[in-house]
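Counting starts at 1 for both ligands and their atoms, in listed order.
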Amino acid sequence: MAKKNFHHPFTPYDIQQQFMEAVYNSIESGKVGIFESPTGTGKSLSLICGSLTWLREHKRKAFDEAVAAIQPDEDEPEWVVEHAREARRQEARQMKADFEARLDAVRSRERRLRERQSNGEPPFKRRKPDTDSPHGTQSDENDFVLDDYDSGDELHSNAGGKSEYSTETTKLMEKLGMLQANAQSGALDEDFDELKIYFCSRTHSQLSQIVGELKRISLPPGLPPKDDSKEEREALKHLTLGSRKNLCINSRVSALGSQTAINERCVELQQSSTRPDQKCAFLPNKENQNQVFDFRDHALAKIGDIEDLASIGKKLQICPYYASRPAINPAEIVTLPYPLLLQKSAREALGISLKGHVVIIDEAHNLINAVESTYSAQISDQQLHRAREGLMVYLQKFRNRLKGSNRVYVTQVVRVIDSLLLFTTQARTKNEVGGGVQPNDLLSGKGVDQINLAKLVRYINDSKLARKVEGYAAYMKNSAQMTGQAPKETALPDIPTLTQIQTFLHTLMNPSKEGQHFWAKQNDDVVLRYLLLDPSEHFRDIVEEARAVILAGGTMSPMDEYRQQLFPYVHSIDTLSCGHLIPTSQLLVRSITADSQGPLEFSFKNRDVAASAQRVGRVLEDLARVVRGGLVVFFPSYGFLDETTTRWKTTGVFEKLHAIKPVYCDGRNGAAEDIFKSYSEAIQTGLHGATLLSVLGGKLSEGINFSDDLGRCVVVVGLPFPNLETPEWKAKLRYIDERAAVRGQAKGKASREHAENVCMRSVNQAIGRVIRHKDDWASIVLMDSRYSQERIKGKLPAWIKASVPATAASSSDGIVMDVKVFFESRES
Ligand SMILES: Nc1ncnc2c1ncn2[C@@H]1O[C@H](COP(=O)(O)OP(=O)(O)OP(=O)(O)O)[C@@H](O)[C@H]1O
Ligand code: SF4
């Protein structure tokens, strides 16, 4: 059977073809898909070619079907109907052509501009905004007085406009999710939301890589061309989204540095009480609508990343953060970082609706943690004390100047803080180091039961209390330091303490069975924490709204973890664990289950530090003698690593190992990057390679490149099970078991499975990056008898599992011999 054409810019590898087909089919059938393809296998291109081919084909098919469905009225001859169908086709093509013509004009203008610049001619002139307004750098006490309490609203740009196309065609295109903005008038209609892919990754630099790949591909149009025999191509309409921190072009606001400060100042400047000369000159309004349309066209005319978007905004003197909103609807692919997708409030603020669209989450191996941390919160007693002090100073200064209900609310905030402090003070005297706590116990302070928490949380947010109080404190500090001089604002912390308290209060107000509160003694602090135990409910909105959701990553195994933690309510999930590009002869995987003294098990309860250190040391010495290049050893925890190296130093093992292959150790407090740099230099310049001692889940286990000689042998000592005895883990496991019991599962099975999954996810992340390209080769040695259990082996990624022999030597000597033979075979 002929392979499907996914318009891949290169000849796709077989595994890419497989991956693209899986992506295409999952989207077509509207499912959830979890796909892994190891690093170095061109996963990004597979994802975008698979999904965008689906998008264009789907549009074309839906259009053809809709036109074919135009049926004759009674007595209407067939030729009249055919004429109507043809008219729809032509008009739809015209709509597209008009919009494309606009974008083409923008492209030509940019081309001319580039030519002028390369000829040394000045660029076209643009209006210079009034950026010299007096706000921002100077402030006086009045800046910190709370405004009369009033819920301020943000600006939403929305311009109406009349379409010049027939109602029938407009309706048809609208139904298909294919109507672009009106080409002639440039008017925007927020109801027309082009069917699209939301492509999400963790950071803007990862998204930049995706943007680079998007520039490589060219796809057939989403509407049937006039002449099918010609190979037409239609440019992709792409938009990237970012936060105000990435996009703010008002230097006085962006200079505030922190995300929260920039957000708050921007919103503050939009309030009706702000003097007109202090408002942001770049904010879209009635007067600068043309720049907003221009911005949209420029953003869509070229595939670009976040920096490009900021430069368009600067060039057109319009805020790229706000002006990108009207460009969302006509875009076909929107790239955005995790936080903008995961938080419902962020999606709402940007006007993103996922309804019927496709969501792709790349680098999804950390997705569960990302959802959990988005909805968890914590606050320490030190922070509570600091916030209280700040509030008292503020109240003392402004008490008589606070209008309306401000004074009542600020006093209520103090009372709630006192209640939380009452709990932490009592907790300090307890013998335990931590435990679970009910919201009522945290809110048992005097008079707190009279307070409406929901209203109070809203007040803290709307009044900008956090910024006013901390801003005033910073102002006072500076004034004191610079007596006689004009006071300057100091940079404020990224998240003001009161904002953290607000987030924490939110969790108290809405305690759900998916989460729980805890307290813990931590260093010198008592910390209060809210932990989301079940991330699935917060992800459910996304799954239910979107047409299809694809999770992709280099290492997603064990995939059951996502099934259980994120999609317990989804009956059928598509999964694919791709092979690697390398032949199996380039990878050796072995588990050492015993040495001459018997079975090896490094579990917490079995661990005799002195004996373990000796036994591990002996195996590593043997391996170091036969491995060429880099030997990377992962321990389950910094504690284990510290104890082992301390022991090695007294018994001479460290010295011996160092003599065979210089040892570099990633300690708990060391600068991991410097250690990795020295290790890499030793490999490149030395004769004997080097040994790197590191920790699973530690600083060097993710995102580091162990290609070629940097990692020829990766050893994992033990299994990194978390400490299941902490109150947090106990609560999580209890929750999982309770939920499993409802599904009729035996007690303890689901929680054990979860702990094993968390553990193997961490192992897989570390070993999954040892092969980086098709000519790379390496060996993986797993050291613990538990790696021979089928349940544990079953959680390895398919391409690694395929290299585990059914019968192999499992004693340390036999495996060192296997590794020796493997290295010799690479030399010949
Ligand atoms: N079939 C192919 N033939 C040749 N080059 C390819 C092919 N597929 C992808 N590439 C290119 O190879 C480069 C490296 O791909 P690589 O797998 O490292 O990136 P990736 O898809 O981002 O994967 P990952 O995020 O897992 O590292 C990319 O620049 C890509 O354009
Ligand atoms: S409107 Fe835009 S440019 Fe102006 S302050 Fe806000 S984010 Fe910055």
Side-chain angles (χ1 to χ4, degrees), residues 6-20 35-50 129-131 133 135-136 154-157 199 201-203 205-217 242-256 259 261-271 274 278-285 288 291-292 295 309-310 313-314 316-325 349-350 362-365 552-556 578 580-581 702-705 707 765 768-769 771-774 776 797:
F6 288 102
H7 312 284
H8 197 284
F10 305 102
T11 309
Y13 313 126
D14 285 348
I15 52 167
Q16 284 181 316
Q17 186 72 24
Q18 221 186 341
F19 197 99
M20 292 185 291
F35 303 135
E36 76 179 340
S37 182
T39 25
T41 54
K43 163 177 55 69
S44 317
L45 266 177
S46 306
L47 273 175
I48 56 184
C49 290
D130 173 21
T131 50
S133 54
H135 77 278
E154 288 199 34
L155 172 143
H156 288 285
S157 63
F199 195 110
S201 196
R202 233 166 1 137
T203 59
S205 78
Q206 280 158 343
L207 289 172
S208 287
Q209 280 176 28
I210 298 296
V211 168
E213 303 289 24
L214 281 174
K215 287 179 181 166
R216 293 182 197 271
I217 62 173
S243 60
R244 287 188 184 89
K245 184 165 164 47
N246 304 121
L247 292 171
C248 178
I249 56 167
N250 182 334
S251 54
R252 285 179 177 157
V253 178
S254 62
L256 293 173
Q259 176 109 334
I262 294 173
N263 284 347
E264 289 187 356
R265 176 59 62 84
C266 170
V267 174
E268 221 169 274
L269 295 182
Q270 292 171 42
Q271 275 168 2
T274 307
Q278 293 200 337
K279 296 208 163 175
C280 176
F282 308 112
L283 186 71
N285 54 39
N288 58 18
Q291 279 142 281
V292 176
F295 180 91
L309 214 59
K314 274 189 199 142
L316 298 174
Q317 300 287 293
I318 189 85
C319 167
Y321 174 76
Y322 282 104
S324 47
R325 293 178 184 191
L350 280 162
D362 197 9
E363 306 295 339
H365 57 274
T555 308
M556 297 295 287
C578 271
H580 216 301
L581 296 174
E702 272 195 46
I704 294 277
N705 181 356
S707 67
Q765 286 305 325
R769 53 198 66 243
I771 303 282
R772 305 288 293 209
H773 56 88
K774 68 179 182 15
D776 208 353

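Ser44 OG, 2.6 Å is the protein heavy atom nearest to atom 22 (O) of ligand 1. Looking only at protein heavy atoms, the nearest one to atom 8 (Fe) of ligand 2 is Cys248 SG, 2.4 Å. Protein heavy atom in closest approach to atom 27 (O) of ligand 1: Thr39 CG2, 3.4 Å. Scanning the protein for heavy atoms near atom 25 (O) of ligand 1, the closest one is Lys43 NZ, 3.5 Å. For atom 11 (C) of ligand 1, the closest heavy atom belonging to the protein is Phe10 CE1, 3.9 Å. Nearest non-hydrogen protein atom to atom 28 (C) of ligand 1 is Glu213 OE2, 3.2 Å.
Within the 4.0 Å heavy-atom shell around ligand 2 one does not find Leu269. Using a 4.0 angstrom heavy-atom cutoff, Gly40 counts as in contact with ligand 1. Ligand 1 lies nowhere less than 4.0 angstrom from a heavy atom belonging to His773. In this structure, Arg216 has a heavy atom closer than 4.0 Å to ligand 1.
Atom NE2 of His8 is separated from atom CE of Met20 by 5.0 Å, given to the nearest 0.5 angstrom. Residue Leu207 holds its CG atom at 9.5 Å from CD of Gln209, rounded to the nearest 0.5 Å. Put simply, CD1 on Ile48 and CG on Leu214 are 4.0 Å apart, with the number rounded to the nearest 0.5 Å. Between the CG atom in Leu350 and the OH atom in Tyr322 there is a gap of 9.5 Å [rounded to 0.5 Å]. Within the model, atoms CG of Asn263 and SG of Cys248 stand 9.5 Å from one another, a figure rounded to the nearest 0.5 Å. Atom CE in Met556 sits 10.0 Å away from atom CD in Glu363 (nearest 0.5 Å).
Closer than 4.0 Å to atom 16 (P) of ligand 1 lies at least one heavy atom of the protein. Atom 2 (C) of ligand 1 lies below 4.0 Å from at least one non-hydrogen atom of the protein. Protein heavy atoms are found less than 4.0 angstrom from atom 7 (C) of ligand 1.
Counting heavy atoms from C-beta outward, Tyr321 and Asn246 have side chains that stay 4.5 Å or more apart. Within the 4.5 Å cutoff, side-chain heavy atoms of Thr41 are placed close to those of His580.
A donor-acceptor pair under 3.5 Å is formed between the side chain of Asn285 and the backbone N or O of Asn288. A donor-acceptor pair is defined here as one N or O able to donate and one able to accept, closer than 3.5 Å; such a pair exists between the side chain of Arg325 and the backbone of Ala349. At distances below 3.5 Å, not a single donor-acceptor pair connects side-chain atoms of Glu264 with backbone N or O atoms of Ala261.
The side chain of Glu363, and not its backbone, has at least one atom closer than 4.0 Å to an atom of ligand 1 (non-hydrogen atoms only; side chain from C-beta on). Under 4.0 Å from ligand 1, not a single heavy atom of Asp362 appears. Residue contacts with ligand 1, taken as heavy atom pairs separated by less than 4.0 Å, involve Gln16 solely via side-chain atoms from C-beta onward.
In Lys215, the NZ atom is crowded: over 12 heavy atoms of neighbouring residues, nucleotides or ligands sit closer than 6.0 Å.
Of the N or O atoms in Gly554, none lie within a sub-3.5 Å distance of an N or O in ligand 1.
Atom numbering of ligand 1 starts at 1 in the shown order; those under 4.0 Å from a heavy atom of Thr41 are 17 (O). The distance from ligand 2 to the heavy atoms of Tyr322 drops below 4.0 Å at these ligand atoms: 1 (S). With ligand atoms numbered from 1 in the order given, ligand 2 contributes 3 (S) to contacts under 4.0 Å with heavy atoms of Ile249. Near Leu283, with a cut-off below 4.0 Å to any heavy atom, the atoms of ligand 2 are 1 (S). Taking every heavy atom of Cys319 and a limit of under 4.0 angstrom, the matching atoms of ligand 2 come to 1 (S), 2 (Fe), 3 (S), 7 (S).
For Cys266, every N, O or S atom stays at 2.8 Å or more from atom 2 (Fe) of ligand 2. Look at Cys280 and atom 4 (Fe) of ligand 2: an N/O/S atom of the residue is under 2.8 Å from the metal.
In summary, Lys43 and Glu213 do not engage in a salt bridge, as defined by a charged side-chain N under 4.0 Å from a carboxylate O.
Between Thr203 and Gln206, the side chains place a donor N or O and an acceptor N or O closer than 3.5 Å (distance only, hydrogens not considered).
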